[in-house]
Protein chains: 2
Amino acid sequence: MPPPVPSRRLTQRDIARLAGVSQTTVSLVLNNRADAESRIPAETRDRVLRVIQETGYVADPAARRLAAGRNRILGVFTYEPVFPSATGDFFHPFLIGIEECAEQRGCDLLLFTSAPTVDGRKRVYHQDHRLRLADGCVLLGRELDREDLARLVAEDYPFVSVGRRDDAGGTVPYVGADYPAAVGELVARTRAMGHERVAYLGHGRGPESYVDRYRGYAESVPEPLRLDPGEPAEMAERVLAAGVTAVLAEEYADGVALTDVLGRRGVSVPGDLSVLTLGDPTRPAPTDVDFTGFRIPRREMGRQAVEDLTELVEGGSPVQRLLPCEYTEGATLAPVRR
Amino acid sequence: MPPPVPSRRLTQRDIARLAGVSQTTVSLVLNNRADAESRIPAETRDRVLRVIQETGYVADPAARRLAAGRNRILGVFTYEPVFPSATGDFFHPFLIGIEECAEQRGCDLLLFTSAPTVDGRKRVYHQDHRLRLADGCVLLGRELDREDLARLVAEDYPFVSVGRRDDAGGTVPYVGADYPAAVGELVARTRAMGHERVAYLGHGRGPESYVDRYRGYAESVPEPLRLDPGEPAEMAERVLAAGVTAVLAEEYADGVALTDVLGRRGVSVPGDLSVLTLGDPTRPAPTDVDFTGFRIPRREMGRQAVEDLTELVEGGSPVQRLLPCEYTEGATLAPVRR
DNA sequence: GATCCTAGCTAATGCGCATTAGCGCGGGGC
DNA sequence: GCCCCGCGCTAATGCGCATTAGCTAGGATC
């Protein structure tokens with residue numbers, strides 16, 4: 001690196017000289033450390049403040065961080081590109097919430113874009129990561145790397161995951177969506193309409209979000225029936241073969257595809273079959289159909305994650321919480337056909 | 001601020017101890033300063049690198065910035081929310097380009113979310129800004145604050161604006177879209193189809209992007225005719241009253257609205273009137289119409305801005321450049337009616 | 001008059017790193 | 001046998017700030 005540019009930038013020493021006090025005093029005034037041990041008379045304080053005002057001085061955040069160990073910078077690590085297109089805008093609302101709360105708290109966001117993509121995946125702990133530049137970090141993504149999580153926990157680095165995560169060598173702080181409850185409610189409404197045979201269309205395992213949805217389902221029907229997702233035609237086959245009267249689609253897009261195919265085959269939704277969706281589309285799924293299901297409180301999750309993170313940074317203890325999903329009345333659930 | 005947390009974090013001193021060398025040596029190895037004055041034999045270097053590898057040590061970017069004046073962090077300041085919804089996704093492509101290039105260059109992005117919104121506007125230089133935490137900064141937004149710009153220039157802070165900007169007490173580095181050329185080409189194509197009377201629907205002043213579009217228009221027709229935008233019905237009135245055969249819509253959304261209203265009044269586009277758009281929608285404007293016009297090279301602009309910024313940070317000189325827009329063949333331009 | 005406060009400051013230190021000056025040592029030249 | 005030189009490293013310094021340990025005046029106390 002070249003020698004530090006002769007940046008003609010003001011330092012506390014400059015301010016001190018101008019105000020006729022010591023650098024220490026400037027620092028004290030700046031941080032309102034007037035209480036306790038140090039007492040600075042209003043006159044001196046005002047003089048310093050005036051100089052600061054006039055010169056437009058601002059403390060160097062890097063130096064501040066170095067000396068004080070904090071810098072009000074929150075990291076955001078996304079396991080998918082931050083500004084995605086492939087995932088539609090699934091992550092967008094999370095980011096909006098994160099940004100909102102950060103602004104409110106006077107924090108800046110550091111996007112860890114320098115994380116190189118290896119094998120199509122990003123890793124927090126890559127060669128020369130810069131985690132420590134931020135006070136803490138919000139993790140975002142469908143599937144977080146278990147090793148990353150374990151190391152974060154082990155190193156006691158302050159972080160909060162958006163989305164529930166299983167333990168990883170320790171408790172993982174998260175703000176998740178309460179899928180079990182949401183799915184449970186959906187099943188209850190479905191059964192209340194007379195549906196006896198309700199299937200779950202999806203993997204039901206893999207990412208925690210799938211597992212949780214399936215758990216909510218399995219725990220609220222007497223005989224769980226899981227159908228694998230796949231090509232639209234295949235899914236339709238499986239559903240029809242199963243002889244069920246309602247289907248819960250783990251992935252919104254699968255629900256859309258299924259409904260499409262069924263429609264073309266003359267099977268009416270919800271006339272012949274009810275189709276419910278378990279969350280928002282994670283991939284583009286254009287449709288005119290208004291699905292019954294629930295919405296993930298994405299924005300709120302983002303907000304809460306930042307909130308929990310700042311707590312954590314300030315010495316709080318890790319928190320795990322699930323936020324309720326919102327039931328959305330649509331047009332794809334109807335009483336079972338006689 | 002609380003006393004520095006007893007962060008059990010590795011420092012170069014730790015590494016040095018473990019490797020049996022001095023902190024200086026670690027730093028030299030880390031920065032590949034093997035050349036020139038300092039020569040470190042491969043053996044020593046390997047030993048140090050091994051320890052770094054094993055411990056997962058990373059240099060503290062804040063300290064780095066302080067000591068060297070660089071930290072490979074680029075700021076992004078947006079005059080609208082970074083993750084917007086009101087502006088549709090107009091800014092999205094810029095951000096994609098910025099992110100791409102940053103990743104490529106191994107830089108992290110610092111979003112200046114801490115800038116509070118005052119009177120509905122954000123300012124770079126607010127109370128306690130954190131500009132200096134980054135090596136430089138990309139500015140994004142329809143209208144940048146002139147005072148901000150002037151001060152950035154005056155303080156010699158490395159920055160690049162996305163979008164052309166007028167001088168502000170000095171040259172403002174930017175990566176803009178070549179609106180004059182793009183609009184000029186559009187006019188030429190329109191006139192080549194026999195249109196004699198081509199109007200410009202828009203303000204033609206205010207933000208540089210409007211001014212530039214209008215300039216491109218005014219310089220390529222014999223008698224410029226500007227029509228104010230407004231409510232859809234009003235715009236239709238004005239256009240019809242003007243007796244023109246083609247209209248250039250400064251704002252995409254206005255083009256959409258105009259076409260809509262005309263259609264409902266039985267005026268066919270492009271049968272009776274051609275309507276061209278001058279760029280991409282800056283606000284949501286759903287339509288099925290495929291407009292003839294041009295596209296702003298947003299992604300490329302983002303990329304280029306980051307590229308220019310890194311140059312600048314590394315001591316290069318400010319650059320101003322305009323990127324060509326891409327003509328888009330649509331269905332709203334037709335030969336003039338006889 | 002000597003001692004002890006206390007108010008109002010300041011000198012000194014260290015955060016983790018990059019960088020500059022320079023130290024010790026072995027070998028070659030004379 | 002002495003000097004010099006260059007190799008391989010290290011001690012020391014400072015970046016801008018926060019913080020701790022004082023230091024100095026002036027008044028109160030005895």
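No hydrogens, no waters, no symmetry mates; every other heavy atom, side chains included, goes into these values.
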Out of [options], which nucleotide sits closest to the side chain of [X]?
X        : options                   : result
Ser22(A) : dT10(C), dC17(C), dG16(C) : dT10(C)
Arg64(A) : dC17(C), dC9(D), dA18(D)  : dA18(D)
Thr11(A) : dG16(D), dA18(D), dT19(C) : dG16(D)
Thr25(B) : dA12(D), dC9(D), dG16(C)  : dC9(D)
Ala67(A) : dC17(C), dC17(D), dG8(C)  : dC17(D)
Pro41(B) : dC15(D), dC9(D), dA18(D)  : dC9(D)
Leu28(B) : dC17(C), dG16(D), dT10(D) : dT10(D)
Thr24(A) : dT19(D), dT10(D), dC17(C) : dT19(D)

- Task: State whether the side chain of Asp14(A) and the backbone N or O of Thr11(A) hold a donor-acceptor pair below 3.5 Å, judged by distance alone.
- Result: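 Checked: pair present.
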- N/O donor-acceptor pair under 3.5 Å between Arg13(B) side chain and Leu10(B) backbone: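 No, because the side chain of Arg13(B) does not come within donor-acceptor range (under 3.5 Å) of the backbone of Leu10(B).
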- Message: As a test of understanding, state which of Arg65(A), Arg64(A), Arg72(A) forms a salt bridge (Lys or Arg N to Asp or Glu O under 4.0 Å) with Asp135(A).
- Response: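 Of Arg65(A), Arg64(A), Arg72(A), salt bridge (Lys or Arg N to Asp or Glu O under 4.0 Å) with Asp135(A) is met by Arg65(A) alone.
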- Task: For Val21(B), report the nucleic acid contact type (base, sugar-phosphate, nothing); a contact means any heavy atom under 4.0 Å.
- Result: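 Touches sugar-phosphate only.
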- Query: Do the side chain of Gln23(A) and the base of dA11(C) come within less than 3.5 angstrom through a donor-acceptor pair of N or O atoms?
  - Reply: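 Donor-acceptor pair under 3.5 Å: no.
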- Would you say Tyr57(A) reaches dC17(D)'s phosphate, i.e. side-chain N/O to OP1/OP2 under 4.0 Å?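 For dC17(D), OP1/OP2 do have a side-chain N/O of Tyr57(A) under 4.0 Å.
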Does [X] come within less than 4.0 Å of [Y], counting only side-chain N to carboxylate O?
X         : Y         : result
Lys122(B) : Glu103(A) : yes
Arg164(A) : Asp166(A) : yes
Arg123(A) : Asp148(A) : yes

- Item | Arg299(B) CZ: over 12 foreign heavy atoms closer than 6.0 Å |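 Counting neighbours around CZ of Arg299(B), 12 or fewer heavy atoms of other residues, nucleotides or ligands fall under 6.0 Å, so no.
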- Task: To the nearest 10°, let me know how far the axis at one end of the helix from dG1(C)-dC30(D) to dC30(C)-dG1(D) is tilted from the axis at the other, five pairs an end.
- Result: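 Here the local axes at opposite ends form an angle of 80°.
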For nucleotides 23-27 of chain C, tabulate all protein N/O to nucleotide N/O atom pairs closer than 3.5 Å, reporting atom names and distance.
none

